[in-house]
Enquirer: 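Please read through the structure below; I'll follow up with questions.
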Amino acid sequence: MSERAAVSPPDEQDEEQEQKQNEHREESASDSSAESEAEPTPEPVTTGAQSVIRALENVGVEYAFGVQGGAIMPVYDALYDSDITHVTMAHEQGASHAADAYGIVSGEPGVCLATSGPGATNLVTGIADADMDSDPMIALTGQVPTEMVGNDAFQETDTTGVTTPITKANTFSSHADTVGDDVGEAFALANTGRPGPTLVDLPKDVTLSETDREPAEARVPDTYEVQERADDEVVRAAARRIEDSQRPALLLGGGVIKGDASQACREFATEHEIPVVTTMPGIGSFPEDHELSMEMAGMHGTGYANMAITHCDTLIGIGTRFDDRLTGGIETFAPDAELIHIDIDPAEISKNIHAEYPLVGDAATVVEQLDEEMERSPQAKKWRAQCQQWKSEYPMAYDTPEDEPVKPQFVVEALDEATSDRAIVTTGVGQHQMWACQYWTYTEPRTWVSSHGLGTMGYGFPAAVGARLAADDDQEVICVEGDGSFLMTMQELAVAVREHLDITIVVLNNEYIGMVRQWQDAFFEGRHSASEYHWCPEFDTLAEAFGAKGFRIDEYDEVADTVEAALAYDGPSVIDAHVDPQANVYPMVPSGGDNGQFALSEDQL
């Protein structure tokens, strides 16, 4: 039948067309009715502040952490009608750390808010921390009205100027019509490519001004490009190198977790039977109870991890920037190895350690490229046996004399044994941080939350607040703190109590800034200048004053029952664990030293 013969007469065409239009109207009405029943249409945007909140709602933000104030007040007023849950923190620094940890655990950027001037500058430590560790976060800061900018107005600070060096991107919003677009773009940038913190500065006149423009879809600028796949020729060369290697080692950094590449790396390691070392940010990317795991390398890494790095002939570094706490002296780091370096940020390739095989791209994608290119696994049976021998020679062990105070390692192990494999551990910075990563067995990504590059004391507890809200309900959240570190941000206990957050805080209380004291004993003739903290309060009693549950440990036989009781308490609890003030962190590689020459005691330094 010809096309012409198949065409209906004009009258029939009109009838058919009208029938289709009626059917379409009925379907549209039905769809609209279903949509209105499922999800009410949001109120139209009328101000810049409402556009800010709409932009956050559009990307699915559930929680925001912040402190109210004058210049940010219009945004908070718009937040009043939103389904986004705002968590008022006791201090803006706590807000930024909570948002940071929320991003680490959830994989989506955490959000923090503060007012202009001191509110914004109080966020700086947390923003810098997120920047150093490539954590996805967005900060929204109030600013004085545009016409007052530069006049030294009340609570004015050049927030974008202050934060430019420590943000992935920051923006001074200039118009109510585009402020929502600015927020959406900042959110998209925070988690695209190499994650990091972004900031949008919000002048009060912009957020108060009228607008009826809905924010555009959140997306990165057209000029921002991320390379997903590595160069095929370099991938082939790297694969041949791995195949020919006799002593290969995988080094998994924080980028493996940030890039959701843990599973790809686990499969690659087990398929090709390659021993695995992690950096501290990479903890959890590979199960530490696996026979191929050598655990963490670096200044306070395991002896066997540092031996594996020192003696390997091929090092496959994935998502790591090779910072000084990992490498020690550059000239002695992996001296016999050719380096295959996989990183999504080309700026990191050969920045600190020269890479013979530079592979720029998404970690999971590039590992899969490598695996597809591999024709055989390396013949490394003797090497694996050697790695197991190092585990036997340099075990992570400590003594527990009954006539000495409780060892902090014992408390950490008791907590690990009492919790599930999916428990989340947050820490401050110091000796307690090292014991928490050395004596806890991590098997899952996004369960280790700490401050690595910046080394921020006080990070642990506000981070636990963010982690708790991002975690699954059946995941325990344990905060391991030191007395000096906890003292810096313990005001957030009021927040945990108010929000009924089930968090167990363990203060390894040695009445010192312990890591400083350890270095003073080793390198400054035992002169304890400003490191003695005998003046700290009783943290268990203080916890009760905040409305939390307080516990205290002084003896070994109190540890198990106290840990069990604290974990069973439904709400925030604080264990003030008085531990050996002379306990030190070992192994230890002195700053700039040779990882293969780690010390196991002070007399070896």
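Note that these values count all heavy atoms, side chains included, but never hydrogens, waters or copies made by symmetry. None of these values were measured; they are calculated from a predicted model.
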Enquirer: Inspect the contact between R446 and D260 and indicate whether a charged nitrogen and a carboxylate oxygen are less than 4.0 angstrom apart.
Expert: yes
Enquirer: Centres of the F286 and Y442 rings: under 6.0 Å?
Expert: no
Enquirer: Do I340 and I242 come within less than 4.5 Å of each other through their side chains, counting heavy atoms only?
Expert: yes
Enquirer: Looking only at non-hydrogen atoms, find the nearest pair between R321 and G453 and report the distance.
Expert: NH2-CA, 3.6 Å
Enquirer: Does W383 reach the side chain of P248, with side-chain heavy atoms less than 4.5 Å apart?
Expert: yes
Enquirer: Return the OG to CD distance between S451 and Q433, rounded to the nearest 0.5 Å.
Expert: 7.0 Å
Enquirer: I'd like to know if E373 pairs up with R240 as an ion pair, taking the criterion as any Lys NZ or Arg NE/NH1/NH2 lying under 4.0 Å from an Asp or Glu carboxylate oxygen.
Expert: yes
Enquirer: Check this for me, if you would: do D231 and R236 make a salt bridge, where the nitrogen-to-carboxylate-oxygen distance has to be below 4.0 angstrom?
Expert: no
Enquirer: Taking the side chain as everything from C-beta on, heavy atoms only, tell me whether R241 gets closer than 4.5 Å to D313.
Expert: yes
Enquirer: Strictly under 6.0 Å, is that where the ring centroids of F461 and H97 end up?
Expert: no
Enquirer: Are K258 and D135 within salt-bridge range, i.e. N to O under 4.0 Å?
Expert: yes
Enquirer: Quick one: do T278 and S285 satisfy side-chain hydrogen bond (donor to acceptor under 3.5 Å, both in side chains)? Show the steps, please.
Expert: CA-CA 8 Å; T278 73; S285 58; 5.6 Å; no
Enquirer: Before accepting this row, confirm whether a basic side-chain N of the pair E348/R194 lies closer than 4.0 Å to the acidic partner's carboxylate O.
Expert: yes
Enquirer: Under 3.5 Å, is there a donor-acceptor pair between the side chain of S531 and the main chain of Y512?
Expert: no
Enquirer: Should the pair H452 and W448 be assigned to parallel (<30°), tilted (30 to 60°) or perpendicular (>60°) ring geometry?
Expert: tilted
Enquirer: With heavy-atom distances below 4.5 Å as the criterion, would you say the side chains of Q438 and H300 are in contact?
Expert: yes
Enquirer: Between D472 and R422, is there a side-chain N and carboxylate O pair less than 4.0 Å apart?
Expert: yes
